Amino acid sequence: MAEIIRMPKMSDTMTEGVIAKWHKKVGDTVKSGELMAEIETDKATMDYESFNSGTILYLGAKEKEAVKINDVLAIVGKAGEDYSALLSGAQNTASSGGKTETKIETATAVAEIPTIDTSGIKAEIVLMPKMSDTMVEGVIAKWHKKTGDSVKSGELLAEIETDKATMDYESFNSGTLLYIGAKEKEAVKINDVLAIIGEKNADWQTLLKAHQAKAAGVGSKPTPISASAATVSATSTSVPPSNNGASHTNGRLKVSPLAKKMAKDLGYDLAQIQGTGDQGRITKHDVENYKPGAAASGKTGDAKTSTPVVLPSVVGQESFEEIPVSQMRKTIAKRLAESKFSAPHFYLTMEINMDKAVEARKSMNEIAPVKISFNDMVIKAVAAALRQHPDVNVSWLGDKIRKNRHIHIGVAVAVKDGLLVPVIRFADNKSLSHIAVEVKDLAQKAHDKKLQPADWEGSTFTISNLGMFGIEEFTAIINPPDACILAVGGIKETAVVKNGQLVVGNIMKVTMSCDHRAVDGAVGSAFLKTLKGLLEDPVRILI
């Protein structure tokens, strides 16, 4: 009998898996325990071994496609077996999500409300159009028509102030203006009713009522609505403005209402004012900067009139590439956004003199079986400092704080698709050589996507080191449920005062991000002071 294989949850934060590679295809036989596919989770690419034996009848996704947890991954059964009913039942269950009864009730409730017939009403609703890419509503700066006026197609109906500019609004409809959706200075949201235009005695009240009912989710018969019932003159082909006058479109000056009022009050001739707005539109700024004398002297050929600078046209081609977001990047985005916007971060920065650490590292590497890095020394020092300051080695769990008696240090590792944080367990009990070998091994596994859940789970404190990239100082986002993360910068030679003398010193800056819900400033500061002492006299971390 055919059985459905569903996408398993392979990590604590996994919501879906991407099929990296199928090792079987439809028609192949598969045995229990045999490798069936490689699945990319948010942490790593992991092998999936079948628990079923039989013939593969159906595959739920192609390679590089995502499958949500518990969705159909494959169907295994006897060769030639009809699995259509099994697959249909699984898909219906997934799509309904237990909401079938609610949908039926809603449909019944809607059916009980009578529809409004508007097919015989000879009028159209004019909706507020979207006049810019960021516009959400428009403010009526001025109506050029009032209720009862006749309107012709292409005639100026209103001036609408968007988030970008005040723009002219020309009607696409001809008829009588029966209804105005907002007064001057009032806002109208995109696709809300701006006006109704039609025959003089048309029943616009019923038309409006039907539209409002439809917007509220009540059914109605088809209603003539002009979804883009106007054109914005500012988006039409522009006419290059001359130096002696404003831009004109279809014989009409392009000028903002405020600029028009100011020019009238000052007695200026708008035709003589140079517009600098969109497509030569005259703005308030143009009226304020207009000098009638200067314009007159320009007309008479004053030798002092400056010649406008003509800029060469630059030819280029816009291009871009859209890359699908990997499972790892999706999880990084989700988890760090939750951390940044839910945990109240505060930051503590301290300078550490690494002169003795530099000398100690040279001596260590002369006898150490592996090369010890500054990062290894920081991990060991952090572990030692956490042993002295257990109130920093905590986890925020919402309704309680977990004080960890063990010390597991997460080390952020940059990989191709994002960031992984493998864990050095019981770091305070390990030697520098042990830590160095383990960090290199885990980093290589991370790059090869061979980390297992046990390698990245359970950190109590995290370290992020960008010093090797030349970064002097930065702040990091807390890796939940940890309460702190230490951002480590590079070691830089700089002038320091030592025994009253200005000398060259090796300075490293560290910044600790703390979750204020679990760690207070004084606690974090005491921890950093201890860490500074350990790194400035590294022999102390070996005791």
Side-chain angles (χ1 to χ4, degrees), residues 124-147 149-198 211 225-243 245-266 268-290 318:
E124 291 189 37
I125 295 176
V126 179
L127 303 180
M128 172 63 76
K130 188 171 184 178
M131 296 175 167
S132 75
D133 54 342
T134 56
M135 176 182 171
V136 294
E137 64 180 15
V139 175
I140 307 300
K142 184 178 180 180
W143 281 108
H144 286 271
K145 297 288 183 178
K146 62 181 183 293
T147 303
D149 287 355
S150 60
V151 180
K152 295 181 180 179
S153 178
E155 194 172 5
L156 183 62
L157 185 64
E159 294 173 14
I160 298 176
E161 179 185 345
T162 73
D163 57 332
K164 305 284 188 181
T166 300
M167 309 176 80
D168 292 339
Y169 187 88
E170 297 176 355
S171 175
F172 272 151
N173 307 79
S174 296
T176 300
L177 183 58
L178 304 172
Y179 171 78
I180 289 177
K183 299 177 183 178
E184 292 183 359
K185 309 303 179 185
E186 289 184 351
V188 180
K189 291 184 179 180
I190 291 173
N191 290 328
D192 277 4
V193 178
L194 182 64
I196 298 178
I197 298 174
H211 176 74
I225 299 177
S226 177
S228 57
T231 181
V232 183
S233 63
T235 60
S236 60
T237 304
S238 61
V239 179
S242 66
N243 291 331
S247 172
H248 296 256
T249 302
N250 298 328
R252 181 165 52 81
L253 276 172
K254 297 183 68 60
V255 55
S256 72
L258 181 57
K260 185 185 294 183
K261 184 178 184 302
M262 289 177 62
K264 182 179 179 181
D265 293 342
L266 295 170
Y268 292 165
D269 182 2
L270 286 171
Q272 302 302 320
I273 300 177
Q274 173 66 49
T276 60
D278 185 25
Q279 299 188 21
R281 186 183 187 85
I282 300 173
T283 64
K284 171 189 174 184
H285 180 73
D286 298 325
V287 176
E288 289 176 340
N289 293 337
Y290 174 64
E318 294 182 356

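Being a predicted model, the structure only gives us computed values, none of them experimental.
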[X]: partners by side-chain contact (heavy atoms from CB on, under 4.5 Å), with sequence neighbours left out:
X	value
Val139	Glu161, Ala187
Lys264	none
Asp269	Ala271, Gln272
Leu178	Ala123, Thr176, Ile196, Ala202, Trp204

[atom1] of [X] to [atom2] of [Y]: how many Å apart, nearest 0.5 Å?
X	Y	atom1	atom2	result
Ile180	Ile140	CD1	CD1	9.0 Å
Glu124	Asn173	CD	CG	5.0 Å
Asp192	His211	CG	NE2	6.5 Å
Glu155	Glu170	CD	CD	9.5 Å
Asp168	Glu159	CG	CD	5.5 Å
Lys142	Ile160	NZ	CD1	14.0 Å

Show the nearest heavy-atom pair for residues [X] and [Y], with the distance to one decimal.
X	Y	value
Leu177	Ala195	CD1-CB, 3.8 Å
Ser171	Ile197	OG-CD1, 3.8 Å
Tyr169	Val126	OH-CG1, 3.2 Å
Leu270	Ala263	CD2-CB, 3.4 Å

Check your understanding: Does the Glu184 side chain pair with the main chain of Trp143, one donor and one acceptor, at a distance under 3.5 Å?
Key -> yes
Point to revise | N/O donor-acceptor pair under 3.5 Å between Ser153 side chain and Ser174 backbone | key: no
Point to revise | Results of salt bridge (charged side-chain N to carboxylate O under 4.0 Å, His left out) for Lys146 - residues two or more places apart only | key: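 Salt bridge (charged side-chain N to carboxylate O under 4.0 Å, His left out) check on Lys146 returns Asp149.
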Review point. By salt bridge (charged side-chain N to carboxylate O under 4.0 Å, His left out), which residues pair with Glu137, not counting sequence neighbours?
Key: none
Point to revise | Qualifying residue for side chain to side chain contact (heavy atoms under 4.5 Å, CB included) with Tyr179, from Leu194, Thr147, Val193 | key: Val193
